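Below is one structure; the comments refer to it alone.
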Amino acid sequence: MTGSTPQELLAIAIDVAREAADTAYRMRAAGVEVAATKSTITDVVTAADRAVERQVLDTLATIRPDDSVLGEEYGEGAPGATGSGVRWIVDPIDGTVNYLYGLAHSAVSLAAEVDGVVVAGVVRNLFTGEEWTATLGGGAWRAGQRLRCSTETDLGQALVATGFGYDAARRSHQARVVAGLISHVRDIRRLGAAALDLCLAAEGRVDAYFEKGLAAWDQAAGGLVASEAGLRVAGLRGLPAGPDLVIAAPEALFGPLHDRLDDLDAAGGP
Ligand code: LIP
């Protein structure tokens, strides 16, 4: 289909994500409350999560009717008549709990995948307006600057970001992993939005990131930004990054962090 180069898909993603972020920001200012809960009582969805994703779906259906969309709130949409081979992956508000509490660490995350490979992605902090973009082979960018990840080589000096799931038993397992890791790193940061955490790692505002339990919409765009900034983004023991575990670290830190996480069974547990 015409207009499917990574750069053309990125241009569309940026426009759609900016409109989505504006809607989310305006709805937050107008007041936000829990509309429903999902996997657990703490896994909340707000009216804004749904309205923003609906807006993204409607816009993409108008400008890219042959594409399919996978979204956090409405799931996998059927591809158009001809099926363009392009799938959009959207998290309308990544960091929904932060959004609910008014913590300025929430983002719209939108990626374009062509034949199963993520080729373009944008992550926009809906509170600060910071915007990270990447295309496959085209680098990662913010505010016109090409991003380079941390050059830290000593795990003991590394500031590592991570996250916890909505299931209490999983959180206990993840906490045991962090307890086992914390004396081997500089410090841990729990910021609350995987897409943004991956982007902060992409520009060295943390040295590395890992988390168990991420869905495609949490990591698609941020993962491309991270890998295009030089981070190795993968799972354990040669597996790709996925629900079991996502590790994003500079090459020099990846091995030592991987081995600690493997020893701590970070991909295991509930
Ligand atoms: C969130 C992730 C975060 C994780 C949270 C939650 P949501 O996604 O971005 O990294 O720790 O448990 O999964 O639910 O805000 O889209």
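The shown structure was predicted, so the numbers you read here are calculated from the model rather than taken from an experiment. Counting starts at 1 for both ligands and their atoms, following the listed order. Numbering starts at 1 and runs along the sequence shown.
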Salt bridge R124-E19, side-chain N to carboxylate O under 4.0 Å |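 Salt bridge between R124 and E19, a charged N being under 4.0 Å from a carboxylate O: no.
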Would F210 and L181 count as a side-chain contact (heavy atoms from CB on, under 4.5 Å) if you check the C-alpha gap in whole Å, the side-chain angles of each, and the deciding distance to 0.1 Å?
-> CA-CA 12 Å; F210 73 94; L181 180 68; 3.5 Å; yes
Looking only at non-hydrogen atoms, which of A194, A215, G163 approaches atom 3 (C) of ligand 1 most closely?
->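 Ranked by closest heavy atom to atom 3 (C) of ligand 1, first place is A194.
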Can you pull out the closest protein heavy atom to [atom]? Residue, atom name and distance to 0.1 Å, please.
{"atom": "atom 14 (O) of ligand 1", "result": "Y166 OH, 2.7 Å"}
{"atom": "atom 11 (O) of ligand 1", "result": "E211 OE2, 2.6 Å"}
{"atom": "atom 12 (O) of ligand 1", "result": "F164 O, 2.7 Å"}

Considering only heavy atoms, does [X] approach ligand 1 within less than 4.0 Å through its side chain, its backbone, both, or neither?
{"X": "T96", "value": "both"}
{"X": "W217", "value": "neither"}
{"X": "R171", "value": "neither"}

Does one hydrophobic cluster hold both F254 and L200, with members joined at side-chain heavy-atom distances below 4.5 Å?
->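 Looking at the clustering, L200 is in a separate group from F254.
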Give the cluster check for L155 versus L159: same hydrophobic cluster or not, with ILVMFWY residues linked at side-chain heavy-atom distances below 4.5 Å.
->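 L155 does not cluster with L159.
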Would S84 and D66 count as having a side-chain donor-acceptor pair, cut-off 3.5 Å?
->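 D66 and S84 do not have a side-chain donor-acceptor pair below 3.5 Å.
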Kindly assign one of parallel, tilted or perpendicular to the pair F127 and Y25, based on the angle between their ring planes and the thresholds 30° and 60°.
->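 If you compare the ring of F127 with that of Y25, the planes turn out perpendicular.
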How far does CG of L100 sit from CZ of R28, to the nearest 0.5 angstrom?
->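 Between atom CG of L100 and atom CZ of R28 there are 7.0 Å.
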Out of curiosity, L253 CG to Q157 CD, how far, rounded to the nearest 0.5 Å?
->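 With rounding to 0.5 Å, CG (L253) is 10.5 Å from CD (Q157).
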Ligand 1 contact by I93, heavy-atom criterion under 4.0 angstrom =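 The answer is yes, since I93 has a heavy atom less than 4.0 Å from ligand 1.
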Which ligand 1 atoms are under 4.0 Å away from a heavy-atom of [X]?
{"X": "D94", "value": "1 (C), 2 (C), 7 (P), 8 (O), 9 (O), 15 (O), 16 (O)"}
{"X": "D91", "value": "16 (O)"}
{"X": "E72", "value": "14 (O), 16 (O)"}
{"X": "A193", "value": "9 (O), 10 (O)"}

L214 N/O under 3.5 Å from ligand 1 N/O =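 Min N/O separation from ligand 1 is not below 3.5 Å for L214.
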Flag D43 as yes when one of its N or O atoms lies below 3.5 Å from any N or O atom of ligand 1, and as no otherwise.
->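 No, since none of the N or O atoms of D43 sits under 3.5 Å from an N or O of ligand 1.
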Side chain to side chain donor-acceptor pair (under 3.5 Å) between T46 and D49: does it pass, once the steps are laid out?
-> CA-CA 5 Å; T46 69; D49 291 271; 2.6 Å; yes
